[in-house]
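Every chain is numbered from 1 and lettered A, B, ... according to where its sequence line falls, protein lines coming before strand lines. Any value given below was found using the heavy atoms of this structure, including those in side chains, with hydrogens, waters and symmetry copies removed.
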Amino acid sequence: MLNPALPQRDPAARSRLLLTLIALALLWPGLSLSELDLGVLIDGSNAQTMGVFLSGFWPPAHGAEFLFLLGRATLETLAIATAGMAMALALAVPCALLATRSLSISAVSRGGRPRPWAQAVRWPVRGLLIILRSVPEIVWALLFVRAVGLGPTAGVLAIAITYAGMLGKVYAEIFESVDPLPTRALIGAGGSRLQAFAYGVLPQATGEMLSYTVYRWECAIRASVVMGFVGAGGLGQQMDLSIRMFAGGEVASMLLTFLLLVLLADLFSQLLRRRFV
Amino acid sequence: MKPLARYALPLLLVLAVVASFAYLQLEASALLSREGVGQMARYAAAFFSPDLSAPHLRAIAYGALETLAMSAIGTLLAAALGLLLALPAAGRFGLIAKAISRLLLNALRAIPELVWAALMVLAAGLGPNAGTLALALHTAGVLGRLFAEALENTPSEPSEALRLAGSGRVGAFCYGTLPTLWPQLVAYTLYRWENNIRMASVLGFVGAGGLGQMLYMSLSLFQEAQASTIILAMLLMVLTVDALSGWARQRWVRS
Amino acid sequence: MSLSGVSYRHANGHVALRNVDLQIAKGERVALIGPSGAGKTTLLRLLATHLQPSTGAFELLGCQPWALSVGARQKLRSRIGLIHQAPPLPARQRVITAVLAGRLGQWSLGHSLLSLIHPLDKQGATEMLGKLDLADKLYERCDQLSGGQLQRVGIARALYQNPTLMLADEPVSAMDPVLAAYSLSVLSREAANSQATLVASLHSVKLALEHFPRVIAVRDGQILFDKASSTVTSNELDTLYANDQLDAFAPFEPTPGQSLHIPRC
């Protein structure tokens, strides 16, 4: 009953060896291009500069005038995120409607897959959405700062454009992931696409859409702060100024405020999402 | 009372949006005025004739490789550091270690990459090193938390059994826990790489090297033609990395 | 090894073993039989030094395991092989790596890590698996095996470890009778060849009496009898497996086939 066993070749050996070789081959140029040097973290003179900088963090600035400025900057950041998301929504919904396959009339008779030309017509919109979300929002912010000047307008526009891309793509996918039968039935019975959308897709999709939007709003708050570094207003712009002036106490206060803001936004978004879903 | 409660929340949201626009005093009239639009159109038009000369393309190619290296090495470092911190954060070394490591991970990920980059430029000087370190530190926080959660959900019987058969701790972990954990580690790391390639492109704005630094300089010098080529290159890189990461996840992370 | 006056109490207060006295010489082959919940698994885990006795003296392989330092105890454990009823094998691990893990206690760290990526001792693993008729499954993943095959991989791992003391907790419970008898005979033969001591707990009294010269019966945490297999009477077996809570007369060979909990990711 015993089989005479000869050790067979390990089927995984070849691919593992190949992977290891490729990884090693890419590691060397990678390390040299990125100029990685972990030593700077523990270097003596650098440590001293960092130490001086960090020691300025205590105590965090808490003068009345400064706190007033801080409060206004925080509100500005919140406003940038909210206004930006509102504009992004306004842009994203039409794009999602155009891009989604769930409202395709030709798909009704083909079991859910639109005709080739109908698919092709949707590509430009999908392509646009991809481009909008693939360029980092801070690049848009930089461009808008150059175009419309320093201040929150640039931030709002940057968020509006990038997040329109993100929201649009995800909305289109949500529309395609809900049960298609009601929609197809409505289209098949002669309803217009918008009607089919409103009565067939929207009731099922609202929960997920709102949940994702609130999650993105939270990301938008963080993005607004980051964009402030290139002049798009809010907490980030103030932080950039304080860092340049080596005002450690102010930077510390602003970092703390930022952490608090992110935490509160996280809690708020969890609350909202639980209510919607 | 009920209809009021049902409409209260959406109403509040709409109010919040309106209030935001009002607070920012977005001069819609100024934006959409003839001169405003004209100004933006002129600015935008300058971008539609990208500079495709050979020396500029060479510089971009080098910058792109630098950015790619920053994102890849940074993500790799972050995965290693994240795994190291995930072990205590999952409770493997007791409650105190768990609390401390969780605190550290939260601190690392709460600070945005750009702020880390600004701090690293201070510590390490201008150049891609600062960017790589910044990405590594921030992403370590993100990955560490994800790894810790994955680790907590992995059954510990296999590694315990090995440990009780005389194996060392590292061996027991590698043969007992790692096989189950590995696909999740790879998936999360690849997913973060997609995000990091976008961030790596822009860390240069604070002097951390890569395409970002080139873009910042071009825009500051009002060289829109050069800037548009750089933006195109960024776009191409992001799309490539997204595709690569998606393919890798499909191939190796089959559950 | 020897136990005297050993008791074990679980964390929840349940006393699993009461005043157990036991002597097993080197090279002996002993079977543990008894009803479910009698404390066989606890006894085996205690012998494997996984559990510390609450009271009593415990001596193993010439030393007192719980008087040793942690490092020395780990070395001791690498000489003891425990075969689990439900082998704790990661689902996505390949059989060859699972078997090779048996010698982790004896290998250096570098060797272990290298073997993880590229198995270094294919020959050894194939040999062990071949003894249990599983050599063709060398590169399969553990989640592609049946319960009986997984148990055989567990046995192969213990054999590969080449321990001085082999403890088996229901090692053949998921196998059909023919395969179970075959695997047990392989286990006994290997133990005899390497002069290792073998203690196995078994559901099936028939298998226990056929393959092991000495039988220890455990009931309610105490040893009921400890004698040579040839002298066991059916009266003693009836007393052992008597169950007041069952209406019908319980047969003295309880049916095997407990559901196996295979760890899944």
- Answer whether the closest heavy-atom distance between the side chains of B:F21 and A:T82 falls below 4.5 Å. no
- Pick one of side chain, backbone, both or neither for A:I138, based on which atoms fall under 4.5 Å of a heavy atom in chain B. both
- Item | CG on A:L142 to CZ on B:F205, rounded to 0.5 Å | 4.5 Å
- Distance (rounded to the nearest 0.5 Å) between B:Y23 OH and A:L75 CG: 4.5 Å
- Message: Please give me the minimum heavy-atom distance between A:F258 and B:A110, naming the atom from each residue.
- Response: CE2-O, 3.4 Å
- Heavy atoms, side chains only, cut-off 4.5 Å: are B:V115 and A:F229 in contact? yes
- Message: Within this structure, what is the CG-CZ distance for the pair B:D242 and A:R133, rounded to the nearest 0.5 Å?
- Response: 6.5 Å
- Item | Chi angles and distances behind the side chain to side chain contact (heavy atoms under 4.5 Å, CB included) call for A:V226, B:V202 | CA-CA 11 Å; A:V226 173; B:V202 299; over 6 Å; no
- Message: Is it the case that atom OH in A:Y212 sees more than 12 heavy atoms from other parts of the structure closer than 6.0 Å?
- Response: yes
- Message: To the closest 0.5 Å, what do you measure between CG (B:L13) and CH2 (A:W217)?
- Response: 9.0 Å
- Task: Under 4.5 Å heavy-atom distance to chain B, tell me which part of A:I131 shows up: side chain, backbone, both or neither.
- Result: both
- Message: Quick one: does any side-chain atom of A:R146 pair with a main-chain N or O of B:L219 as donor and acceptor, under 3.5 Å?
- Response: yes
- Over all atoms of both residues, closest heavy-atom pair of B:S20 and A:A79: CB-O, 3.5 Å
- chain B interface, residue from A:D37, A:L26, A:L255 that has the most non-hydrogen pairs under 4.5 Å: A:D37
- Query: Of the non-hydrogen atoms in B:A69 and A:G30, which two are nearest, and what is the gap between them?
  - Reply: CB-O, 3.6 Å
- Message: Minimum heavy-atom separation for B:E66 and A:L33, please, with both atom names.
- Response: CG-O, 3.5 Å
- Query: Which bit of A:L19 comes within less than 4.5 Å of chain B, counting heavy atoms only: side chain, backbone, both or neither?
  - Reply: side chain
- Output, in order, the C-alpha distance, side-chain angles, deciding distance and verdict of side chain to side chain contact (heavy atoms under 4.5 Å, CB included) for B:M234 and A:V135. CA-CA 7 Å; B:M234 275 191 199; A:V135 178; 5.8 Å; no
- With chain A, which of B:A130, B:A16, B:P112, B:S71 has the greatest number of heavy-atom pairs at distances under 4.5 Å? B:P112
- Side-chain contact test, heavy atoms from C-beta onward, threshold under 4.5 Å: evaluate it for B:V206 versus A:D240 and give yes or no. no
- Message: Just so I understand: if I count every heavy-atom pair under 4.5 Å between each of B:P128, B:A107, B:G74 and chain A, which residue has the most?
- Response: B:P128
- Item | Under 4.5 Å from a heavy atom of chain B, the part of A:V230 involved | side chain
- Close side-chain approach of B:L133 to A:L36, heavy-atom, < 4.5 Å: yes
- If you draw a 6.0 Å radius around CZ in A:R16, do more than 12 non-hydrogen atoms from other residues or ligands fall strictly inside? yes
- Task: With rounding to the nearest 0.5 Å, note down the distance linking OG in A:S134 to CG in B:L239.
- Result: 4.5 Å
- Query: Measuring heavy-atom distances to chain B, does A:I80 have an atom under 4.5 Å in its side chain, in its backbone, in both, or in neither?
  - Reply: both
- Interface moiety of B:S220 toward chain A, non-hydrogen atoms closer than 4.5 Å: both
- Which region of B:M199, side chain (C-beta onward) or backbone (N, CA, C, O), has a non-hydrogen atom less than 4.5 Å from a non-hydrogen atom of chain A, or is it both or neither? neither
- Among the listed options B:V238, B:I73, B:N106, the residue most often paired with chain A at heavy-atom distances under 4.5 Å: B:I73
- Message: Is B:L65 in contact with chain A via its backbone, its side chain, both, or neither, using a 4.5 Å heavy-atom distance?
- Response: both
- Message: Taking the side chain as everything from C-beta on, heavy atoms only, tell me whether A:L38 gets closer than 4.5 Å to B:L77.
- Response: yes
